[in-house]
Amino acid sequence: MTTTSYNCTNDDQRVEGLAHAQKAIAAKQVIVMPTDTVYGIAADAFSPQAVATLLAAKGRGRNMPPPVLIPRIGTMEGLATDIPDDARKLAEKYWPGPLTIIFHAQPSLTWDLGETVGTVALRVPDDQLALDLLTATGPLAVSSANRTGQPAAQTASEAREQLAESVEVYLEGGFRPLEGTEPVPSTIVDATGLRLRVVREGAISLAAIQRMVPSALGNDPEPEMWEPAAEPETAEPAETPVAEPETAEPAETRVAEPETAEPAETRVAEPETAVAEPEPAAKDQSAPAESQP
């Protein structure tokens, strides 16, 4: 493979680089491109061969599938199904931007991103070079441009030090996000359950998500489970009749307080509802920060 780097801060090289990158994607090869968070290694999302090449270049398995970058919010409709209104609201607010949303994938699509459990993670990056390429190529499977376990690349030259000849085209656009700053990954929201859940907090905080969608959950379900336990007065009345077996009216005491027994049963049932919310897709998609540009 002949590897070529283009300095896309130069207008002429930018044009040449985008054209070469488009041809490489069509030929099922992989390229490195800037995004608004870090540099990404990209491949045709609809080519299993290209996605396998991407995963091999990074040294990772199918159990960590890459997300898919798209050029505009309207592309979401063709790739995802059962899109919740709250997820659509977040997309309209934060795309282009550092927000990745996990959806149920359209079952008719013939792609193989790895072990996705029928889901797809989508994002519109806030980077003009990336958007120009995506407009020309269509959806791209994109993971951070580094070997697994190594620091995420903030320039194309840093990516080349790790990925070398496994990449056909390197598009250099300068530091991402900015020179001297630490890369911050996108925030990942799982929209496949009954309620939205922030499975990784990144550039967009959980608080910001919840200001738009108050019902959105954090990644830790335990606070909801602890909520009933924070009300001890509910549990104590239920035990009071048992604690006084010698009273003259034990049976009447139990009958006279039906309201106390029922809430205790209701409180116990609540944690099962919280645990039952579908989470497998989020676990599969919430890769370490280095895995998501």
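Sequence positions, counted from 1, serve as the residue numbers for this chain.
Between the side chain of T181 and the backbone N or O of L178, at least one donor-acceptor pair lies under 3.5 Å. Remark: side-chain polar atoms of K28 are not paired, donor with acceptor, to backbone N or O of D44 under 3.5 angstrom. With hydrogens and angles disregarded, a donor-acceptor distance shorter than 3.5 Å links the side chain of Q13 to the backbone of N7. Using modelled atom types, no side-chain atom of E168 and backbone atom of V30 make a donor-acceptor pair closer than 3.5 Å. One N or O on the side chain of D36 and one on the backbone of D126 form a donor-acceptor pair closer than 3.5 Å. Put simply, the side chain of E158 never gets that close to the backbone of A145: no donor and acceptor are under 3.5 Å apart. Between the Q22 side chain and the L134 main chain, no donor and acceptor come within less than 3.5 Å of each other. A donor-acceptor distance shorter than 3.5 angstrom exists from the side chain of T137 to the backbone of L133, with no hydrogens or angles considered. Not a single donor-acceptor pair under 3.5 Å links the side chain of E115 to the backbone N or O of R62. Checked by atom type and distance alone, the side chain of R195 never pairs as donor or acceptor with a backbone atom of L217 at under 3.5 Å.
The CG atom of L206 sits 10.0 Å away from the CZ atom of R211 when rounded to the nearest 0.5 Å. Note that the CD1 atom of I102 and the CZ atom of R197 stand 11.5 Å from one another [nearest 0.5 Å]. Annotation: the span from R200 atom CZ to D190 atom CG amounts to 13.5 Å, rounded to 0.5 Å. Once rounded to the nearest 0.5 Å, the distance linking OG1 of T116 with CH2 of W111 reads 8.0 Å. Taken to the nearest 0.5 Å, the OG1 atom of T187 stands 6.5 Å off from the CG atom of L99. Rounding to the nearest 0.5 angstrom, the gap separating the OG1 atom in T2 from the CD atom in Q29 is 9.5 Å.
Side-chain N/O atoms of T37 and S186 include no donor and acceptor closer than 3.5 Å. Side chains of R160 and S5: a donor on one and an acceptor on the other come within 3.5 Å.
Cluster membership check: I83 shares its hydrophobic cluster with V68, using side-chain heavy-atom separations under 4.5 Å among Ile, Leu, Val, Met, Phe, Trp and Tyr. L79 and V124 fall within a single hydrophobic cluster, where Ile, Leu, Val, Met, Phe, Trp and Tyr side chains are chained together by heavy-atom contacts under 4.5 Å. Under the 4.5 Å side-chain contact rule for hydrophobic residues, I73 and V120 share a cluster. A continuous path of hydrophobic side-chain contacts links L109 to I101 [ILVMFWY only; heavy atoms under 4.5 Å]. Side-chain heavy atoms closer than 4.5 Å link hydrophobic residues (I, L, V, M, F, W, Y) into clusters, and following such links, even through other members, never connects I41 to F175.
Checking each of E172, H20, R14 against Y6 for a side chain to side chain donor-acceptor pair (under 3.5 Å) leaves exactly one that passes, namely H20.
Between I25 and I31, the closest side-chain pair of non-hydrogen atoms falls below 4.5 Å. The side-chain heavy atoms of P125 and L131, taken from C-beta on, include a pair separated by under 4.5 Å. The closest side-chain heavy-atom distance from M212 to K89 is below 4.5 Å. With a 4.5 Å cut-off on side-chain heavy atoms, P139 and L69 do not count as touching. Contact check for T100 versus V189: no side-chain heavy atoms found under the 4.5 Å cut-off. Taking the side chain as every heavy atom from C-beta outward, V38 and R176 never approach each other to under 4.5 Å. Within the 4.5 Å cutoff, side-chain heavy atoms of I209 are placed close to those of L90. The shortest distance between side-chain heavy atoms of T110 and F46 does not fall below 4.5 Å.
For T35 against G40, the heavy-atom pair with the smallest separation is CG2-N, 4.4 Å. Minimum interatomic distance between V51 and A45 (heavy atoms only, all atoms of both residues): CG2-O, 4.2 Å. Listed here is the closest heavy atom pair of W95 and R123: CZ2-CA, 3.8 Å. In terms of heavy atoms, G78 sits closest to Q106 at O-CG, 3.3 Å. The heavy-atom pair separating A156 from Y170 by the smallest distance is O-CD2, 3.7 Å. Contact between P66 and L55 at its shortest, heavy atoms only, is CD-CD2, 4.2 Å.
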- List the steps, then state whether side-chain contact (heavy atoms from CB on, under 4.5 Å) holds for R60 with S143. CA-CA 11 Å; R60 76 188 322 169; S143 185; 3.0 Å; yes

- F103/T119 under side-chain contact (heavy atoms from CB on, under 4.5 Å): CA gap, chis, key distance, verdict: CA-CA 6 Å; F103 297 105; T119 66; over 6 Å; no

- Please walk me through it: do S215 and D86 pass side-chain contact (heavy atoms from CB on, under 4.5 Å)? CA-CA 9 Å; S215 63; D86 285 340; 4.0 Å; yes

- From CA spacing to verdict: side-chain contact (heavy atoms from CB on, under 4.5 Å), L171, L129: CA-CA 9 Å; L171 299 179; L129 184 61; 4.3 Å; yes

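Residues E77 and R88 are paired through a salt bridge, judged by an N-O separation under 4.0 Å between the basic side chain and the carboxylate.
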